[in-house]
Amino acid sequence: MPELPEVEVTRQGIAPHLQGRVIDGVTIRNGALRWPVPRHLSAKLTGAVVQTIGRRGKFILIGCEGAVGAGTLIIHLGMTGTLRIVRPDAPVGVHDHVDIHLGATRLRFNDPRRFGAILWHAADDPVPLLASSHLRSLGVEPFSPAFAGEAGGRLLFQKTRGRLVSVKQMLLSGQIVVGVGNIYASESLFRARINPKNAAGRLGLVRYQRLAEEIRQVLQAAIVKGGSTLRDFVGSDGQRGYFQLDYFVYDRAQMPCRVCQTPVRMLRQGQRSTFYCPKCQRC
DNA sequence: AAGGTAACCTGACTGC
DNA sequence: TGCAGTCAGGTTACCT
């Protein structure tokens, strides 16, 4: 579910409920996520004050300062994770795995498939947060200066020279630019009129300038609409996203292209579905 | 280093 | 109704 827009909508939604608040407990009902939830998490967080609510790629980073020591709570939503602000007496669902208690509210992590993660990075760790194992190999942020304007296209162009992998899989890897998942990869390539099967190394600078622009635009437009809700994504207040209504190609196999009426095609690339219009994205 | 595949897990849907 | 098979928004581990 959650690509950058859904993660950012979540981050923006939870931030005002956490900022400056004191954590007074942690409930772990099922710690068997993508990686085990650290058993000492409650000890690290209880009594801590939330200082920052940031994001790196699809990871939410909650900076805390406590008596026991400062650090960062790293949260990833995986495929089906959600973070919601609930009252302490809210009924507990089957997949409500972790609660962070903040007085009269709780931050509740729900994740049916348990591909998500909740980790802790201590501020006194010799390895800096952004150099830690899950964050160190991420590409640039799509809304950072490094991907703004001409720099974005230039970066995609330079980093893909000699690469045989398809442009779709290059986007999905997150090694050059982060946040583009399976939906927004298909959508940004459609908007840039680029065929997803193209080898990344064979596309020219001009086409990458267009692609970078469309990536920025489609991610921004999706954030404005609250993300995409296909099955289970909800924001921190339980609100659904509406960007799925604006899809040009994703999950529209056989249906007419919204620009030229040609039936949209689906193909498999690295075990993931890709959707594209064979006419609008001829090359 | 780059490329390909399998794995983690639950739920929804399809077809027999 | 039931059961097997397939697919789903992500990421890492482990092979060539």
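Note on naming: letters A, B, ... go to the chains in the order of the sequence lines (proteins, then strands), and numbering restarts at 1 for each one. Just so it is clear, the values below take in all heavy atoms, side chains as well, and ignore hydrogens, waters and symmetry mates.
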Quiz item: Given B:dG11, is OP1 or OP2 found less than 4.0 Å from the side-chain N or O atoms of A:His95?
Solution: yes
Quiz item: Looking for any heavy atom pair under 4.0 Å, which part of the strands does A:Phe243 touch: base, sugar-phosphate only, or nothing?
Solution: nothing
Quiz prompt | Rounded distance in Å - CG (A:Asn110) to C1' (B:dG11) | solution = 13 Å
Quiz item: Are the side chain of A:His97 and the backbone N or O of A:Leu33 linked by a donor-acceptor pair below 3.5 Å?
Solution: no
Quiz item: Closer to the 5' end of DNA chain C via nearest nucleotide, is it A:Ser133 or A:Arg113?
Solution: A:Arg113
Quiz item: For the side chain of A:Arg272, counting heavy atoms from C-beta on, which of C:dG10, B:dA6, B:dG3 is nearest?
Solution: C:dG10
Exercise. May I have the distance from A:Asp232 (atom CG) to B:dC13 (atom P), rounded to whole angstrom?
Key: 12 Å
Quiz item: Does any N or O donor sit under 3.5 Å from an N or O acceptor when you compare the side chain of A:Arg114 with the base of B:dC9?
Solution: no
Quiz prompt | Value in whole Å for how far the C1' atom of C:dT12 lies from CG of A:Leu119 | solution = 13 Å
Self-check item: Nearest-Å distance for atom pair CZ/C1', residues A:Phe275 and C:dC7
Solution: 10 Å
Self-check item: Distance in angstrom units between A:Lys168 NZ and C:dG10 P, rounded
Solution: 9 Å
Quiz item: Which whole-number value in Å describes the distance from A:Asn182 CG to C:dA8 P?
Solution: 8 Å
Practice problem: Taking only the side-chain nitrogens and oxygens of A:His76, find out if one of them lies under 4.0 Å from OP1 or OP2 of C:dT11. | Solution: yes
Quiz prompt | Atom-to-atom span, CH2 of A:Trp35 to P of B:dC9 - whole angstrom | solution = 13 Å
Quiz item: From the list C:dT11, C:dA8, B:dT5, which nucleotide is the closest neighbour of the side chain of A:Ser273?
Solution: C:dA8
Quiz item: For the base of B:dA12, is there a side-chain donor-acceptor partner from A:Arg231 under 3.5 Å away?
Solution: no
Quiz prompt | Identity of whatever pairs with B:dC9 - Watson-Crick or G-U, under 3.5 angstrom | solution = none
Quiz prompt | Which nucleotide in C:dT11, C:dA8, B:dT5 has an atom nearest any side-chain atom of A:Arg34 | solution = C:dT11
Quiz item: Stacking check: are the rings of A:Phe115 and B:dC9 less than 5.5 Å apart at their centres and under 30 degrees in tilt?
Solution: no
Practice problem: Evaluate the criterion side chain to side chain contact (heavy atoms under 4.5 Å, CB included) for residue pair A:His17 and A:Leu102; output intermediate values, then yes/no. | Solution: CA-CA 9 Å; A:His17 299 273; A:Leu102 306 112; over 6 Å; no
Practice problem: Could you work out the separation of B:dC9 and C:dC3 based on their P atoms and round it to a whole Å? | Solution: 23 Å
Exercise. Select one nucleotide: of C:dT11, C:dC7, B:dG3, the one nearest the side-chain heavy atoms of A:Arg268.
Key: C:dC7
Exercise. Send over the distance from A:Leu138 CG to C:dT12 P, rounded to a whole Å.
Key: 8 Å
Practice problem: Answer yes or no: is there a donor N or O on one side and an acceptor on the other, between the side chain of A:Arg56 and the main chain of A:Leu138, under 3.5 Å? | Solution: yes
Quiz item: In terms of ring plane angle, is the pair A:Tyr184 and A:Tyr247 parallel, tilted or perpendicular, where the classes change at 30° and 60°?
Solution: perpendicular
Quiz item: For A:Arg163, does its backbone N or O pair with a side-chain atom of A:Thr160 as donor and acceptor, under 3.5 Å?
Solution: no
Quiz item: Which residue lies toward the 5' end of DNA chain B, A:Gln271 or A:Pro112, if each is placed at its nearest nucleotide?
Solution: A:Gln271
Quiz item: If every non-hydrogen atom of A:Met266 is compared with every non-hydrogen atom of A:Ser273, which pair is closest and at what distance?
Solution: SD-OG, 3.8 Å
Self-check item: Most 5' of A:Val165 and A:Ala32 on DNA chain B, judged by nearest nucleotide
Solution: A:Val165
